[in-house]
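Take a look at the structure set out below.
Note that these values count all heavy atoms, side chains included, but never hydrogens, waters or copies made by symmetry. Residue numbers start from 1 in every chain, and the chains themselves are labelled A, B, ... in the order their sequence lines are given, proteins ahead of strands. Quick caveat, the model's predicted, so the values are computed rather than measured.
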Protein chains: 2
Amino acid sequence: MRTLLTLQSQLCPDLLSIMHKRYTVLRRIYYLQPVGRRSLTSSLQMTERILRSEVDFLREQGLVNIAQAGMTLTEQGLEVLQKLQPFIEEYLGYSQLSGELKERLNIQEVWIVPGDSEHDEWAKKELARAGAQLIKSWVREDQVVAVAGGSTMQAVAESMSPTPTFKRTTFVPARGGVGDAVEHEANYIASRMAKNSGGRYRMLHVPDQISEEAYQLLTQETQISDVLHMIQEASVLVYSIGDAKTMAGRRKYGREFMQLLEEKQAVGESFGYYFDRNGTIVHRTKTAGLRLRDLPKVGRKIAVAGGASKAEAIAAICSVFPQDTLVTDEAAARKILSQNHPL
Amino acid sequence: MRTLLTLQSQLCPDLLSIMHKRYTVLRRIYYLQPVGRRSLTSSLQMTERILRSEVDFLREQGLVNIAQAGMTLTEQGLEVLQKLQPFIEEYLGYSQLSGELKERLNIQEVWIVPGDSEHDEWAKKELARAGAQLIKSWVREDQVVAVAGGSTMQAVAESMSPTPTFKRTTFVPARGGVGDAVEHEANYIASRMAKNSGGRYRMLHVPDQISEEAYQLLTQETQISDVLHMIQEASVLVYSIGDAKTMAGRRKYGREFMQLLEEKQAVGESFGYYFDRNGTIVHRTKTAGLRLRDLPKVGRKIAVAGGASKAEAIAAICSVFPQDTLVTDEAAARKILSQNHPL
DNA sequence: CTCCAAGGGACTTATTATGTCCCTGTAATA
DNA sequence: TATTACAGGGACATAATAAGTCCCTTGGAG
C-alpha cells in the first residue's frame, strides 16, 4: 500500500491532494450531518463554490446524499470514509508530523519522507530525492549552491536531475578538507551534483591539518580565495547532519579527538562543526570554507538528515542555527517529537 | 492494495486515469528511448500539446531526462515504471478484459468490476454500484426504466442514490409474475429502485399460472394495460442473467419444469426467457410484460451479471440479444474469454 | 552542405474552475 | 399564522488553465 501511495506521490502528487481534500469533505459531512453548504464552507475554510463543486462530485459518485435538510453520507460514502482512513492517515501523517516539527524546532518548513533512512535503502533514496527536488525548486539562474559532505549528501547528489536552470548554477563545497573517504567529501559531492544536474562546479582543495602559515598562503591563492568568496555568498546551502557516534566509529580520527568529542558530549556534526545537544559548538575542523558567522548571509539553508539515531543531532542543530528547511524521515521525526521538549 | 485502488476509483476516478496516462507515457519512452516528441505523439496517439504537458511534468518530477537527442528515463523513472507495473496491470487489466469481451460478445460497452461477485460480497456490491451508476448516467427526464428481477437486480436497486433526474423517472417491472421470492421479484425491485433513487414506479401484478381467459381479461384492465404500454416503450432496460443450474435448485418449480430445462440444455434465464448455450429460447414464463420482439424498441439495454458460474449464460445471451452494455465482474469475464470461441 | 528530427517558444482559442449574487422552499419558532 | 434562518439550486461574469497550432533554432547524420 505504502508503495502505491509513494509511487502516486511521484507520478501524480496533486491528485493525492485532491483525494485528501475530498476525504476531508466526506469526513466533515459525516461529523456534522445533516449539514448545509454554508456551515460546511466555514467549517472547512473553503470558498463556497469550491465546496459546492466537490459536493456535486461526491453526490455524482453516490457518496453523499443531498436533500433539503442538508447533506448526509450514503452507506457507500461511509464505507469509503472508513476504509480510506488508514491510507489518508499514512499519506497525511507526515503533514501532521511536519507541522509539529516546525513548531518544536522553530523552522519554516519540514519535509518528511516515509520510513527510516538508516535501515531502509528506499527511504534513504526518498530522502535524497526530496532534498534534490527542494534544491531544484529553490535555485535560480546564476546562483551558487554550497554543499557539504557525508553519505546523505552523496545520495542527494546522485538524485539530482538536469534542469535548464542548473546550467547556470555553480556548485561549491561548503568546506575544503581532504582526507575523508573521497565519496563523502564535499568536493566530490559538489562535482557529482554538477555532473548529474548539468551545472558547473568549483573545487576547494585545502588540506585539513596544515600549519597556520601554509594556510594563510593558500588562502591568498586566487583559485582558492575565489572559491572562498563564492562560498560566502552562496544562495543556497545544502548540508547534512552527522551523528557523533558514527563519527567516533571512523578509524582515521585519532583517539585524542574521539575523547574530546566524548568529553564535550558532542552529538552531531555539520560542515565541519561539532556541537553538543544544546547546539553549542564544541569543535571546528581546521579547514577553509563556510564559517558560522557567514550563515545568516546564506539565502536558503537546507538540512537533509534522517534516521532515528540522528534525531538528537537534528534537534540540537535546528535549535541553534537559523533553519529554513529540514528534510528528514519519519523515524527521525517521530524520535525528535518523542523526546522531551528542550524548553 | 486493491482496496486503495478501489477506493480511489470511487473518490477520484480521474486520478487513476491520469496516473495511467502518465504511466503509458513513461513506458513508451522507456521502450523507444531516446525518442523525440513527434514520434511519441504518433506512437501514443496523443496530440502533441498534451504529450508535451505530460512530458514537462515528468521532467519536473525528475522521472524523465530531456535532452537534445530526445527523451530518456531517469533512474527514478525506471524505478517508478517497474514498481507501478503490477498496480497498473491490476487497474487496467479490466480495460483490456473489457476490450476483449466487447469483441468476443460483439457488444458496445463492457464494464468490469474486480473480484467474483458469487463469492465476494464486496465484489457484488461493486457490481451493483456500477450498474446503478450506469443507469444514472443514461436516464433522462421523463423516461421509463424497465427492470427485471433477481438477486443481482436487488443489489442494484439498493445501490441507487437520488438524483434530480430520477424524480421524473418511472420504474416498471419488465415482467409481471408473482410467486417468486418477493425480494427477487421485478415488482419489488422496481419499487425499491424508485424509493432509493427518488423516482416513481408502477406495479404489474399478473399471476404466473392463470388461464388464458383470465389473462386476456386482466390485460384489458386499464391499470395493467397502461403499465404494459409503458414497459414496451421503456427507454432503458436493466436486467440480470440467471444461471439455469441455480434456477433448477429452487424448490418451488416442479420436477417437470426442471426436466424440461435440462432436456433443452438451458443455461440461463433473463426476464422470463430461458435459453440454451446458443441463445435459443427454450422456454418462456407465462406472464405479461416485455416480449422479445419489443427488445429492439428499447433505447438502452443494460445487463448486469457476474460470477464465474454465469459465464456461459452471459455469453449465450449476448450472442443473441442485441446488447448495449454488459456490467460484469472479473471472474465471469475471464471465464467467458477462456471458453472456446463460439464461432 | 543539406536535411531531418530534436526541443522549445509564442500565441490563440476552448474549456474548466471559481467567485458572486440571488432565488425558492421548508421547518422551526415566536 | 407570520417570520426567520437555513437548506439547495440556478445563473452568470471572470479568472485560470488546458489545448491546438505554428514556427524557430540547433545538432547530428548522410
Side-chain angles (χ1 to χ4, degrees), chain A residues 12-15 17-19 21-22 25-26 28-74 77 141 161-168 198, chain B residues 12-15 17-19 21-22 24-26 28-74 77 141 161-168 197-198:
Chain A
C12 34
D14 40 337
L15 294 182
S17 70
I18 290 182
M19 179 179 79
K21 179 165 62 169
R22 290 182 183 158
V25 174
L26 269 189
R28 198 54 63 93
I29 292 177
Y30 174 67
Y31 283 133
L32 302 179
Q33 64 183 332
V35 62
R37 209 199 304 145
R38 313 291 150 79
S39 331
L40 262 189
T41 298
S42 62
S43 165
L44 287 165
Q45 294 185 314
M46 289 180 175
T47 64
E48 180 186 326
R49 198 60 186 73
I50 291 181
L51 191 268
R52 197 164 155 187
S53 306
E54 293 304 333
V55 165
D56 284 350
F57 173 84
L58 292 173
R59 190 206 49 178
E60 197 65 28
Q61 290 294 109
L63 300 178
V64 312
N65 203 343
I66 188 160
Q68 288 153 344
M71 307 174 242
T72 48
L73 285 197
T74 64
E141 283 193 346
S161 53
T163 269
T165 318
F166 280 144
K167 283 185 185 167
R168 305 183 60 174
Chain B
C12 34
D14 38 339
L15 175 153
S17 68
I18 289 183
M19 180 179 77
K21 178 164 65 170
R22 288 181 183 157
T24 312
V25 174
L26 269 189
R28 196 55 63 93
I29 292 177
Y30 174 66
Y31 283 133
L32 301 179
Q33 65 184 334
V35 62
R37 207 200 304 146
R38 313 291 149 81
S39 331
L40 263 189
T41 298
S42 62
S43 165
L44 287 165
Q45 293 185 314
M46 289 180 174
T47 65
E48 181 185 326
R49 197 59 185 77
I50 292 180
L51 192 266
R52 195 163 154 187
S53 307
E54 293 304 332
V55 164
D56 283 351
F57 172 85
L58 292 173
R59 190 206 50 182
E60 198 65 28
Q61 290 296 107
L63 300 178
V64 311
N65 202 342
I66 189 161
Q68 287 151 342
M71 307 173 241
T72 47
L73 284 197
T74 64
E141 282 192 347
S161 52
T163 271
T165 317
F166 280 145
K167 284 185 184 165
R168 306 184 58 175
S197 67

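- Between A:E54 and the options A:K21, A:R28, A:R59, a salt bridge (charged side-chain N to carboxylate O under 4.0 Å, His left out) holds for only A:K21.
- Spacing between atom CZ of A:R37 and atom P of D:dA5 amounts to 19 Å, rounded to whole angstrom units.
- A donor-acceptor contact under 3.5 angstrom links the side chains of A:S53 and A:R49, judged on distance only.
- Looking at the side chain of A:R49, the nearest of the listed nucleotides D:dA11, D:dG20, D:dG9 is D:dA11.
- Atom C1' of nucleotide C:dA17 and atom CD of A:E48 are separated by 15 Å, given to the nearest angstrom.
- On a pure distance criterion of 3.5 Å, a polar donor-acceptor pair joins the side chain of A:R38 and the base of D:dG9.
- B:M71 pairs in a side-chain contact (heavy atoms from CB on, under 4.5 Å) with only one of the listed residues (B:N65, B:L58, B:L40), which is B:L40.
- Look at CD on A:E54: it is 16 Å from P on C:dT16, rounded to the nearest Å.
- Here the C1' atom of nucleotide D:dG20 and the CG atom of B:D56 are 15 Å apart, to the nearest Å.
- Side-chain nitrogen and oxygen atoms of B:S39 include none within less than 4.0 Å of the OP1 or OP2 phosphate oxygen of C:dA5.
- When the shell of 6.0 Å around OH of A:Y30 is examined, it contains 12 or fewer heavy atoms from other residues, nucleotides or ligands.
- Counting to the nearest Å, the P atom of C:dA5 and the CG atom of B:L51 are 17 Å from each other.
- Atom CD1 of A:I29 is separated from atom P of D:dA7 by 12 Å (rounded to the nearest Å).
- Between B:V64 and B:L73, the shortest heavy-atom contact is CG1-CD2, 3.9 Å.
- For a distance-only test at 3.5 Å, the side chain of B:R52 fails to qualify as a donor-acceptor partner of the base of D:dG20.
- Note: CE (B:M46) to C1' (D:dA18) measures 14 Å, nearest angstrom.
- Set against C:dG8, C:dA6, D:dG20, the side chain of B:T47 has D:dG20 as its closest nucleotide.
- Among the protein residues, A:S53 comes within range of no part of the nucleic acid, since none of its heavy atoms lies under 4.0 Å from any strand.
- Between the P atom of D:dT21 and the CD1 atom of B:I50 lies a distance of 11 Å, rounded to the nearest Å.
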